[in-house]
Amino acid sequence: METSRRTKVKELLDSTAFGSTVIVKGWVRTFRNNQFIAINDGSTINNIQAVVDFENTDETLLKRITTGAAISVTGELIESLGKGQKVEIKVKSLEILGDSDPEKFPLQPKKHSLEFLREIAHLRFRTNTFNAVFKVRHALAFAIHQFFNERGFVYMHTPIITASDAEGAGEMFRVTTLDFDNPPRTEEGKVDYKQDFFGKSTNLTVSGQLEGELAAMAFGDIYTFGPTFRAENSNTTRHLAEFWMIEPEMAFYDLNDNMQLAEDLLKYVIKHAMSTCADEIEFLKNRLLEEEKQKPQDERSELDLVSKLNFCLENNFERLTYTEAIEILKNSTPNKKKKFKYLIESWGADLQSEHERFLVEKHFKKPVILTDYPKDIKAFYMRQNDDGKTVRAMDILFPGIGEIVGGSQREERLELLEKRMQEMHIPAEELYWYLDTRRFGSAPHAGFGLGFERLVLFVTGMTNIRDVIAFPRAPKTAEF
Ligand code: 4AD
Ligand code: MG
């Protein structure tokens, strides 16, 4: 091993090059008995122990080895006699790179609540939990690109600023450079967006799907993976105002092909995370077990995190129609005993997360794909079924999460699409470019959106979506 360069802790912990001189740089997690420094450099959740010969070390230097301080240690790699580690470093020289005042540093070597850590999100990466969560997040992002790349999909970057509402739900953040206190007005007294930066009213994208469809009509198979923004005032553990979405779009796919691709993608990326982040997931499994000890027995998960992930890999997702699901829900015990907050009384009801979770966690006990929803609760672009009531939609529901994927086969027939847009008051003139795909070489196609943070939530076993994105954006929350 070279001695002029630092070696990462992850590599050292697996090393057997005993007797060699190594350099470690990292942050002090703990310093015990004026002797044992636990150093973490982020390369692994595990620390390496460095042992200081305190009798021959300057007292003022020892005082500066505090939790949070950045240090550089040069020493001999030796086999450890202590419990819990195979190797340690016998310190030859030690340098403080950056002090950390122990009176002021908020992360103490003890357990902190996730709520507290959310308030210091700029420092929480330095905890084991967040080290593990963000390693898993990285692995999942990498696996997503690998999955699509192996299958010949083209990665498209769709615009962040757009003039259209892809979902037609009106939950958009406006983008403007107009003077908010004194905007230019039209003769009718409305804000004159013609004078705005883009010469029209614009917003942050809620989805890259519409642009994705344009590309799919040329490349065949494409996907997007980027940030999306929703101004929905949902203060829940599963909603963010800024989240990342993966949106594949495939020409010549029908709904079955679409569902199969989504199931294959989810299994592939979960498997990849389990094999590349085994330590992290093991840590998160134990964290969850600890956390669940606080809960009453009947609220605890039946399966631990690793078993839950394996279970998801080993089973086919249950596929059924919305209509079949409504029948199950109508006759379910919580519906009959009025335990649901929103009772299912008739066909057409929108499913709430309590219903989704009942189907997945109690009824089928595995991931579920619901198809053919009523057209009135779905977006304008979904392909209409012959029954005149339903559309070729599919939602994938996951245990503990509810909806993780939403997608559909698209309406490729110009006339039917135009009619539906009119019924739903979607401005066709502004979307002329979208309709052009149906005018010139229209073809059956399908796609879906996978909420990236919901996926990370599932694989890490975390319970609040704000703990799987670095700096969460949510109502009244935009710190850092
Ligand atoms: O179901 P949604 O709204 O579908 C679309 O946006 C389609 N354009 C996708 C497509 O067909 N290309 O959103 C897709 C997924 C949801 O299933 C959910 O996982 C996630 O995005 N999602 C959110 N995640 C976090 N916070 C929010 N506010 C979310 N809204 C949707
Ligand atoms: Mg949806």
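What you see is a predicted model; the values in this text were computed from it and never measured. As the structure lists them, so they are numbered: ligands from 1, and atoms in each ligand from 1.
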Answer yes or no: are there more than 12 heavy-atom neighbours, outside [X] itself, under 6.0 Å from its atom [atom1]?
| X | atom1 | result |
| --- | --- | --- |
| Glu299 | CD | yes |
| Lys8 | NZ | no |
| Lys295 | NZ | yes |

Report the C-alpha distance between His145 and Tyr155 in whole Å, list the side-chain angles of each, state the deciding distance to 0.1 Å, and finish with yes or no for ring pair (Phe, Tyr, Trp, His ring centres under 6.0 Å). CA-CA 8 Å; His145 287 298; Tyr155 178 28; 4.8 Å; yes

Closest protein heavy atom to [atom], given as residue, atom name and distance to 0.1 Å:
| atom | result |
| --- | --- |
| atom 18 (C) of ligand 1 | Arg454 NH1, 3.6 Å |
| atom 15 (C) of ligand 1 | Gly449 O, 3.6 Å |
| atom 6 (O) of ligand 1 | Arg230 NH2, 2.8 Å |
| atom 28 (N) of ligand 1 | Glu232 OE2, 2.8 Å |
| atom 24 (N) of ligand 1 | Phe243 CD1, 3.5 Å |
| atom 26 (N) of ligand 1 | Leu240 N, 2.9 Å |
| atom 19 (O) of ligand 1 | Ile404 O, 2.8 Å |
| atom 4 (O) of ligand 1 | Glu167 OE1, 4.0 Å |

What part of His239, side chain from CB on, backbone N/CA/C/O, both or neither, has a heavy atom under 4.0 Å from ligand 1? both

So, Phe340 versus His355, ring centres under 6.0 angstrom or not? yes

Are the ring centres of Tyr223 and Phe448 closer than 6.0 Å? no

Between Lys111 and Glu290, is the closest basic N to carboxylate O distance under 4.0 Å? no

Could you tell me whether Glu324 and Arg319 have a side-chain N and a carboxylate O separated by less than 4.0 Å? no

Would [X] count as a polar contact of ligand 1, with the cut-off being nitrogen or oxygen pairs under 3.5 Å?
| X | result |
| --- | --- |
| Arg410 | yes |
| Val206 | no |
| Leu450 | no |
| Gly451 | yes |

Counting backbone and side chain alike, does Glu403 bring an N/O/S atom below 2.8 Å of the Mg ion (ligand 2)? yes

Can you tell me if [X] has a non-hydrogen atom under 4.0 Å from ligand 1?
| X | result |
| --- | --- |
| Met245 | yes |
| Tyr381 | yes |
| Gly407 | yes |

Among Glu403, Glu247, Arg238, which one has a heavy atom closest to atom 16 (C) of ligand 1? Glu403

Do [X] and [Y] form a cation-pi contact, if we require the NZ or CZ to be under 6.0 Å from the six-membered ring centre and within 45 degrees of the ring's axis?
| X | Y | value |
| --- | --- | --- |
| Lys308 | Phe458 | yes |
| Arg454 | Phe452 | no |
| Arg466 | Phe471 | no |

Close-contact set for ligand 1 against Val405 heavy atoms, below 4.0 Å: 17 (O)

Is there a donor-acceptor pair closer than 3.5 Å between any side-chain N or O of Asp196 and the backbone N or O of Gly199? no

